[in-house]
Amino acid sequence: MNSQILDQLKREKILDLLKTGKRIDGRSLDEQRPLIIETGVIPKANGSARVKLGNTEIITGVKIQPDKPFPDLGDKGILICTAEILPLADPNAEPGPPNEEVIELARVVDRGIRETEMIDLHKLVLIENKSVIGMFIDSSVIDSGGNLFDACSYASVAGILSCTVPKWEIKDEAPVLVEGVTSKPPIKTLPVSVTMARIGDYIIVDPTKDEESCMDARITITTNSDGNICAVQKGGSDGFTAEQLIQCSETALTVGRKIRKQFETLM
Amino acid sequence: MNSQILDQLKREKILDLLKTGKRIDGRSLDEQRPLIIETGVIPKANGSARVKLGNTEIITGVKIQPDKPFPDLGDKGILICTAEILPLADPNAEPGPPNEEVIELARVVDRGIRETEMIDLHKLVLIENKSVIGMFIDSSVIDSGGNLFDACSYASVAGILSCTVPKWEIKDEAPVLVEGVTSKPPIKTLPVSVTMARIGDYIIVDPTKDEESCMDARITITTNSDGNICAVQKGGSDGFTAEQLIQCSETALTVGRKIRKQFETLM
Amino acid sequence: MNSQILDQLKREKILDLLKTGKRIDGRSLDEQRPLIIETGVIPKANGSARVKLGNTEIITGVKIQPDKPFPDLGDKGILICTAEILPLADPNAEPGPPNEEVIELARVVDRGIRETEMIDLHKLVLIENKSVIGMFIDSSVIDSGGNLFDACSYASVAGILSCTVPKWEIKDEAPVLVEGVTSKPPIKTLPVSVTMARIGDYIIVDPTKDEESCMDARITITTNSDGNICAVQKGGSDGFTAEQLIQCSETALTVGRKIRKQFETLM
Amino acid sequence: MTEDGIRCDGRRLDELRNISIKVGVLKNADGSAYIEFGKNKILAGVFGPRDVHPKHMANPDSGILRCRYHMSPFSVTERKNPAPSRREIEISKVIKEALQPAVILKDYPRTVIDVFIEVLQADGGSRCAALDAAAVALADAGIPMRDLVSACAAGKVADRIVLDVNNEEDQEGQADMPVALMPNLGKVTLLQLDGMLKPEEFKTCMQTALVGCKRVYEVQRKALMEKYFQNGEQ
Amino acid sequence: MTEDGIRCDGRRLDELRNISIKVGVLKNADGSAYIEFGKNKILAGVFGPRDVHPKHMANPDSGILRCRYHMSPFSVTERKNPAPSRREIEISKVIKEALQPAVILKDYPRTVIDVFIEVLQADGGSRCAALDAAAVALADAGIPMRDLVSACAAGKVADRIVLDVNNEEDQEGQADMPVALMPNLGKVTLLQLDGMLKPEEFKTCMQTALVGCKRVYEVQRKALMEKYFQNGEQ
Amino acid sequence: MTEDGIRCDGRRLDELRNISIKVGVLKNADGSAYIEFGKNKILAGVFGPRDVHPKHMANPDSGILRCRYHMSPFSVTERKNPAPSRREIEISKVIKEALQPAVILKDYPRTVIDVFIEVLQADGGSRCAALDAAAVALADAGIPMRDLVSACAAGKVADRIVLDVNNEEDQEGQADMPVALMPNLGKVTLLQLDGMLKPEEFKTCMQTALVGCKRVYEVQRKALMEKYFQNGEQ
C-alpha cells in the first residue's frame with residue numbers, strides 16, 4: 001500500500017483520538033512511555049547503559065582514554081557524544097556513512113549534554129594544554145520505535161553516570177595508567193531531554209514512530225537540574241506558534257523532573 | 001529540446017557569424033569580455049578579490065598561516081591554489097567531491113601561478129626545514145558563464161596582490177604572530193592566463209559558455225611579465241594544428257599584456 | 001546469452017569431464033597450471049616479481065622504508081601485503097575502492113605470509129619502540145584467469161625473495177640511509193598457498209576462471225617449509241565435508257612441496 | 001557591555017546589525033539573493049522546480065526541497081576544509097525544515113527545488129542570515145510561497161537578553177537562540193538554543209528574536225520590491 | 001594452563017564457555033537473536049525477503065543474501081572507529097558464505113535477505129558467536145532453511161588443542177581455527193586458520209571444533225524451541 | 001650536460017630514449033599494449049564498445065570514451081598510496097581528450113570504450129608513454145580510428161631545447177612540454193607545458209616534440225604490424 005496514503009489514514013485516526021484527549025497507545029498527551037534503564041551492560045566499557053523507552057531501545061558505551069586537548073581549549077577535557085541507528089534497528093536504516101538525520105540526532109544529543117555542562121571538563125585535565133582525559137559516549141539505536149532524541153540522550157546520561165574513571169599519572173610528560181584506582185566522573189547537573197511533536201493543534205510528549213510519521217513539527221528541549229533551559233532543536237517540515245513553544249518549554253521542565261528523579265537513583 | 005540538437009544549431013549559427021569575423025556577443029575574435037576586478041571583498045581573509053569576466057563571476061579568498069614545509073622543499077613556503085564551482089553557479093554543477101573538470105580547473109590555475117614563479121617562495125620561510133608561511137588561495141565560481149580558467153586565474157592573482165602578509169616571529173621553535181605588523185607578498189612577476197577556443201577553423205579568445213558548448217578544442221596559455229610562456233593546457237575533444245598553436249601563443253602574449261596592465265593598477 | 005544459463009551449461013560439461021578424471025584444459029584434478037616466475041621486473045622497487053599461473057598474471061613490487069612500529073609491537077618491523085585487481089585485468093573489475101572480494105584476496109595473501117612467519121620481523125627493528133623497517137608488498141592482478149589467491153601469494157613470496165634490503169643507521173634518533181650497503185631479507189620459511197575448488201564431489205587444484213564460475217566452494221591452505229598448516233580460508237557459497245577438508249590439507253602439503261622447490265631456485 | 005546596555009559594537013540591546021539584501025544577483029540560478037548581515041556575507045541561489053536526480057528520490061505526490069549550507073574556505077579565521085562538516089550538514093537540514101512550511105510543493109510532483117547557500121564571510125548568526133537570503137532567493141525564483149521566512153537570533157550576554165548576537169558576543173555569551181518566523185502566518189519554523197536560560201528568560205529571548213525577525217522581514221520585502229517594482233513601491 | 005589441562009578461565013580443554021541465546025529480541029527486525037558467548041555480546045537482526053536497492057543488484061533467478069558484521073565503538077578495549085574496517089568487511093563475507101548454503105534463496109527471485117550483526121562486546125571467537133546468532137535470527141525471521149549453521153572455534157594453546165579459544169588464549173595462542181557446520185547435513189561452511197599446526201593437529205583441531213559446533217547447535221535449538229513451543233519441547 | 005650537447009644518460013639533444021612496444025599482451029582485455037619508454041614500464045588495456053554503467057551516463061547519439069591513468073604503489077621512489085591522486089585524475093582527463101579525436105565514436109551509441117592505463121614503473125614522460133600504449137591498445141581492440149595518436153615530450157634543460165626529457169632532467173629542467181599528435185592528420189591533441197620558455201623557444205620546443213611524436217609513430221606502427229602481419233610487413 002502506498003505509504004503516503006497510509007500515513008494520511010494514520011494521521012486521521014490519531015487526530016480523531018487526540019480530539020478526545022487520547023493517544024493510540026492509551027497515554028495522555030504529556031505522558032512519556034515507560035523508561036527502563038539498565039547500566040553496566042558492557043563490562044569492557046568504562047560505563048554503559050541499555051535504555052528502553054517504549055519500543056525504542058538504545059545501548060550506549062562510554063570509553064575513557066587520555067587524549068590531546070583541542071587547540072585553544074587546553075584547560076578542558078574532551079567530551080564527544082555520537083549516535084548511530086544500526087541497520088538492524090529499522091527497516092529503513094541503511095549501513096554506510098551517517099545521513100543528515102543521524103548527524104542531527106548525534107549533534108542534538110551531544111549539545112544537550114554539553115550545554116547543560118553535565119560534566120566539569122576542567123576536572124579532566126592531566127597537564128594543561130598537553131594532555132587531557134577524553135570521554136567518548138557512543139550510542140547505538142538497536143530498536144527504532146520513535147523519539148530517538150530522548151532515548152539516546154537518556155542512554156548517554158545513564159552511561160556517563162555509570163562510569164568509573166581510571167586514574168592516570170604523568171610520567172615524562174606522558175600519561176601512565178594507575179592500576180586499581182578509579183573515581184566517579186565529575187557530574188555537575190543532570191540534563192533531561194524532552195521531545196514533543198505537534199500534530200494539528202495538539203502537542204504530544206515522547207512521540208512513537210507512528211506519531212512521528214504523521215507529525216507536523218517536532219521540538220526537543222533539554223533542561224538541567226536547576227530548571228534552566230539549555231538546548232533546543234526544532235525539527236520537522238512545519239512550525240509552531242510562539243505560544244505553543246512556551247507551552248513546550250514548560251512541559252519540558254515538568255516532564256524533565258520525573259526523568260531526573262529516575263537518573264538520581266543511578267548516582 | 002534535445003541539448004545535442006540545440007548545441008548543433010548553436011554551432012551553425014556561431015560558425016556563420018565567425019565567417020564574417022563576428023561573434024554572437026559582438027566581440028572580435030581576439031577580444032576578451034570586460035574584466036572587472038574588485039579587491040578586499042572578504043575583509044576576514046588576508047587577501048580577496050571578486051572578478052567578473054563577462055557573465056562569469058569568481059570570489060577568491062587568500063588565507064595566510066604558518067605551516068610545515070613539504071619534505072625536500074624546506075627552503076620554500078607553501079602556495080596552494082584551489083578552485084570550486086559552487087552549485088549555485090551552474091545548473092549542472094553538483095555538490096560533492098570535485099569531478100575531473102574541477103580538478104583540472106584548480107590544477108591549471110595553480111600551475112599558472114606556480115610556474116611563472118609569481119611569488120618568491122624562498123621569502124616565505126620562517127625556519128628552514130621546520131616552519132614556513134603557507135598561502136591558500138581558494139577560488140569559488142559563483143556564476144559560470146564560460147572561461148572559468150582565466151576568470152579563476154585573474155581572481156587568484158588579484159587576491160594575492162591584495163594580500164597583507166602577517167608577521168610571525170620564532171619563539172621556542174614555534175611561530176608567534178606579531179600583532180600589527182604586515183607586509184606585501186613577495187611578488188616577482190604577474191602571470192596572465194589566456195584561454196582560446198577553436199571552433200572550426202577559427203580561434204577565439206575568452207569563449208563564453210555557449211561558445212564552449214560547441215567548441216572543438218581549447219587551449220590555456222599563461223605568460224609572465226617578461227613575455228615568457230610558462231604554462232599551457234590543451235583541452236577539449238579535438239586538436240589543433242601546430243600553426244594554430246603558435247598563433248595561440250602569440251595571441252596569449254598580446255592579450256596578456258592588456259590584462260597585466262589592469263593587474264598593475266592593483267599593486 | 002544469460003550468464004546464469006551459460007554457467008549452468010559450463011558446469012554440466014565440467015562435471016561430465018570430471019567423472020572421467022579429466023579437466024577442461026587437460027589437467028589432472030590435483031595438477032596446477034604451469035607457474036612462471038620472473039623477478040627484478042621493476043628495478044625501481046626493492047624487490048619485484050611477475051608471475052604467470054596459467055592465464056592469471058600478477059606483478060608485485062616491494063618497497064622497503066623506515067617507519068614507526070605499531071603500538072605494542074615495538075620489537076617488530078612492519079609487513080603489509082596488499083592486492084588489487086586492476087580494471088584492465090578483468091572485464092568485470094571496476095576502478096574505485098576495493099570491494100569485499102578484493103579485500104578478502106589481500107587479507108588472505110597477507111595472512112599466509114604473516115602466519116607462516118616467512119620474515120623474521122624482529123630483525124627489522126632499528127630502535128625498539130621508535131623506528132623499524134617497513135616492507136610493503138603490493139600485488140597488482142594484470143590478467144585475471146582464476147585462482148588469484150595462489151597467484152598473488154606466489155608473486156608476493158617471489159617479490160620478497162628478490163629483495164635487497166637497504167641499510168639504515170640511526171643518527172640523532174632518526175634513520176639515515178647508508179648508501180651502497182644492502183642485505184637479503186631475513187627469511188625463515190617459504191609459505192606456499194594452495195587453492196582448491198569443489199565442484200560436485202570433486203576437489204580440483206588451482207581452478208581456472210571457468211571452473212571458479214561454477215564451483216560450489218573454495219579453500220585456500222598455506223603451508224610452511226616444515227610441513228605445518230598455517231593459514232586456511234574457506235570461500236564460496238557452499239561447504240565441504242570434514243573428510244574433504246582433510247583431503248584438501250594433504251593435497252596442499254603435496255602440491256606445496258613442488259612450488260616450494262620452485263621458490264628455492266630464487267633464493 | 002556598558003551598564004546602560006551599549007554593546008561591544010555600539011548597538012543597543014534590541015538593535016539589529018546593518019542588513020542589506022540584493023535580489024537577483026546571479027545569472028545562472030533561477031533565483032538568487034546576496035545578504036550582508038553585520039559582517040556576514042552570504043549568497044543564496046535557487047534552482048527548480050526541476051527533475052530529480054537520482055530519480056528514486058523523487059516523490060510522485062509532491063515536489064521536494066533540498067538545501068545545502070556551505071562555508072567557503074576563506075569565510076572563517078582559520079582556513080576551513082571545503083568538504084562539508086557535520087555542523088554544515090545539520091544547519092542545511094534545519095534551514096531546509098525552516099523554509100519548507102513556506103514553500104508550496106504539492107503543485108510540482110516528481111520535481112526538486114534546490115537551495116544552495118554559500119557563506120563567503122561568517123559572523124555570528126550566519127544560519128539566520130543564510131535563511132533570510134534563501135527565502136528571498138526562493139521568491140526571486142518565482143516559487144509559489146505561503147509566506148516569506150525571516151530569521152534572526154537573540155541571546156544572553158552579560159546577563160542581559162540581547163537581539164542579534166554577533167561573533168564576539170557569541171564567543172563569551174551565555175546563550176544563543178536562532179529563530180525563524182513566517183511573519184504573516186505567525187509560525188516559528190526554526191528554533192535552536194545553545195546556552196543556559198531561566199524559563200522567563202527563554203520567553204523574553206524568543207519574543208526578542210521574533211521582533212527581530214519582523215524587522216528583517218521589512219528588509220527582505222523592500223529588497224524584493226526594489227527589484228520587482230521600479231519605484232520601490234507597489 | 002595447568003599441567004592437567006585446566007585453562008586460564010578454569011575450563012577443561014574440551015569445554016565451551018557459557019552460551020546463552022535469546023530469540024526475537026528486536027521489534028523492527030523480521031527475525032533477531034541475542035547471544036552471549038563467553039564475554040561476547042552480539043545482536044543479529046534479519047530483514048527480508050524484501051526488494052533490493054539498488055535494483056541492478058537483484059538477481060532475477062534467485063534471492064540474494066547480504067551480511068554486515070559490525071563492531072560497536074565500545075566493544076573493544078581501545079575505542080573503535082565506527083567505519084567498517086577491512087577486517088569487518090572480510091568477516092562479513094565469510095559469514096555470508098557460511099550462512100548461504102543453509103538458506104533456500106531460489107524461491108525468492110529479485111529479493112534480498114539482509115543479515116545485520118552488531119558486536120556489542122567482543123571476546124575471542126566473535127565471528128563464530130555472530131554466526132550462531134545470525135543463523136537463529138534467520139530461522140526466527142521464518143526464512144526457509146535447509147539446516148541451521150552452528151559455529152565454534154578450536155585452537156592450539158600451550159601446545160595443546162583446545163576448544164573455544166577465549167581472548168587471552170588467542171593473544172598468546174599458537175593457532176585459532178573458527179569453524180561453522182550445518183549440523184544435520186554435515187557440511188563445514190566456514191573454516192579459517194591463523195597459526196601453525198602440524199597435519200595431525202590440523203585434523204584434531206577441526207574435529208574438536210566440530211564437536212563444539214554440535215554442542216552449540218543444541219543451545220541454538222533450545223533457544224528456538226523456547227520461543228516457539230511454550231513448554232520448551234516440540 | 002656536456003658542452004657539445006651530450007645528456008646525462010648519453011643521449012644527443014634530439015635523441016629519444018629506447019622504446020619498445022608489445023601488442024596484445026593481456027588476455028582479458030579486448031585490446032592491450034605494453035610499452036617500455038626509457039625506464040617507464042606501462043600497460044594499457046581497452047574494453048569495449050560495451051554497455052555503460054551507470055546507464056544515465058550513456059549518450060544516445062554516440063559512444064563515450066573513458067580513461068583511467070593509474071600508478072602502481074611501487075612505480076615511484078616513495079611508495080604511492082593506491083587511491084587516485086588529483087594529478088592522476090587530471091592526466092586521465094588530458095589523455096582521454098588526446099585520444100578522443102582519433103576514435104570514431106559515432107557508430108556506437110549508448111556504449112563506452114574504457115581505456116585503463118597502469119604505470120608499473122614511472123620515469124619522466126610517463127603520460128606520453130601511457131598515451132602511446134593506449135593508442136596501440138585501442139587499435140588492437142579493433143576500435144575504428146581516424147589515426148593513431150603518438151606522444152612525446154620535449155623540454156628545456158641547461159638552456160637548451162631537448163627531446164624526450166627523462167626523470168633526472170625533469171627534476172632540474174627549466175621546462176617540460178608533453179605533446180601528442182595524430183601523425184597522419186597533423187593534429188596536436190595534447191599539449192601541456194610546465195616551465196618557462198621564450199616565444200621562440202616555445203616554437204622550437206613544440207617542433208622538437210612533434211619530430212619525436214613522428215618517430216614514436218614508427219615504433220607504434222611496427223609493433224602493430226608485428227602482431228598483425230606475420231613477417232612484419234604489410
Side-chain angles (χ1 to χ4, degrees), chain C residues 40-50 52 54-67 78 80-98 102 106 134-146 155-156 159 162-163 166 177 208-209, chain F residues 24-34 36 38-51 53-54 66-84 88-89 92 112-123 126 130 133-134 137 140-141 167:
Chain C
V41 295
I42 307 293
K44 287 197 179 180
N46 301 93
S48 60
R50 182 174 200 132
K52 289 187 196 187
N55 282 344
T56 293
E57 189 168 349
I58 314 292
I59 291 192
T60 296
V62 183
K63 287 281 176 189
I64 304 179
Q65 50 200 41
D67 212 326
I78 287 173
I80 291 176
C81 298
T82 77
E84 196 179 359
I85 304 177
L86 296 182
L88 52 69
D90 194 322
N92 298 314
E94 276 177 26
V102 175
M135 294 182 68
F136 295 86
I137 299 116
D138 296 302
S139 295
S140 295
V141 179
I142 65 173
D143 233 335
S144 148
S156 299
S162 78
C163 276
L177 185 71
T208 64
K209 211 175 182 182
Chain F
V25 294
L26 299 179
K27 294 178 194 75
N28 281 286
D30 295 327
S32 60
Y34 174 66
E36 295 196 351
K39 291 179 188 161
N40 286 298
K41 292 170 186 283
I42 301 173
L43 266 173
V46 170
F47 291 95
R50 59 179 181 179
D51 287 353
H53 296 286
R66 287 192 300 213
C67 183
R68 177 179 119 126
Y69 166 97
H70 183 252
M71 303 181 82
S72 298
F74 45 78
S75 63
V76 280
T77 309
E78 284 268 308
R79 178 177 184 270
K80 192 200 152 287
N81 186 312
E88 285 166 286
I89 293 169
S92 298
V112 64
I113 295 165
D114 275 311
V115 177
F116 297 120
I117 293 165
E118 187 74 13
V119 179
L120 300 168
Q121 183 169 283
D123 195 14
S126 75
D140 182 45
N167 213 29

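In what follows, chains carry the letters A, B, and so on, assigned in the order in which the sequence lines appear, proteins first and then strands, with residues in each chain numbered from 1.
- When the candidates F:Pro73, F:Pro82, F:Gly45, F:Ser72 are compared by the number of heavy-atom contacts under 4.5 Å with chain C, F:Pro73 comes out ahead.
- Of the N and O atoms on the side chains of F:Asn28 and C:Asp143, at least one donor lies less than 3.5 Å from an acceptor on the other residue.
- Neither the backbone nor the side chain of F:Val115 comes within contact range of chain C; no heavy atom of the residue lies under 4.5 Å from a heavy atom of that chain.
- Under the 4.5 Å side-chain criterion, counting only non-hydrogen atoms from C-beta, F:Phe74 is in contact with C:Ser140.
- Using a 4.5 Å cut-off between heavy atoms, F:Val46 makes no contact with chain C at all.
- Heavy-atom distances place no part of C:Glu94 under 4.5 Å from chain F, backbone and side chain included.
- Under the 4.5 Å side-chain criterion, counting only non-hydrogen atoms from C-beta, C:Pro43 is not in contact with F:Lys39.
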CA sep, side-chain torsions, deciding dist, call: C:Glu84, F:His70, side-chain contact (heavy atoms from CB on, under 4.5 Å): CA-CA 12 Å; C:Glu84 196 179 359; F:His70 183 252; 3.7 Å; yes
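- Using a 4.5 Å cut-off between heavy atoms, F:Thr77 touches chain C through its backbone atoms (N, CA, C, O) alone.
- Heavy-atom minimum distance, C:Leu88 versus F:Phe116: CD2-O, 3.5 Å.
- Proximity to chain F (any heavy atom under 4.5 Å) is restricted, for C:Leu86, to the side chain, taken from C-beta onward.
- Using a 4.5 Å cut-off on side-chain heavy atoms (C-beta onward), C:Lys44 and F:Asn167 make contact.
- Between chain F and the residues C:Pro98, C:Pro95, C:Gly145, the most heavy-atom pairs under 4.5 angstrom are made by C:Pro95.
- Heavy-atom distances place no part of F:Ala137 under 4.5 Å from chain C, backbone and side chain included.
- Looking at C:Pro97, neither its backbone nor its side chain comes within 4.5 Å of chain F, counting heavy atoms on both sides.
- Both the backbone and the side chain of F:Asp123 come within contact range of chain C, each with at least one heavy atom under 4.5 Å from a heavy atom of that chain.
- One distance of note links CG of C:Asp138 with OG of F:Ser75; it measures 10.0 Å at 0.5 Å rounding.
- Contact annotation for F:Lys41: only side-chain heavy atoms (C-beta onward) come within less than 4.5 Å of a heavy atom of chain C.
- Atoms CD1 and CZ, on C:Ile137 and F:Arg79 in that order, are 10.0 Å from each other to the nearest 0.5 Å.
- In this structure, no portion of F:Ala83 lies under 4.5 Å from any heavy atom of chain C.
- Ranking C:Asn46, C:Thr60, C:Asn55, C:Val62 against chain F, the residue ahead of the rest is C:Asn55, based on heavy-atom pairs under 4.5 Å.
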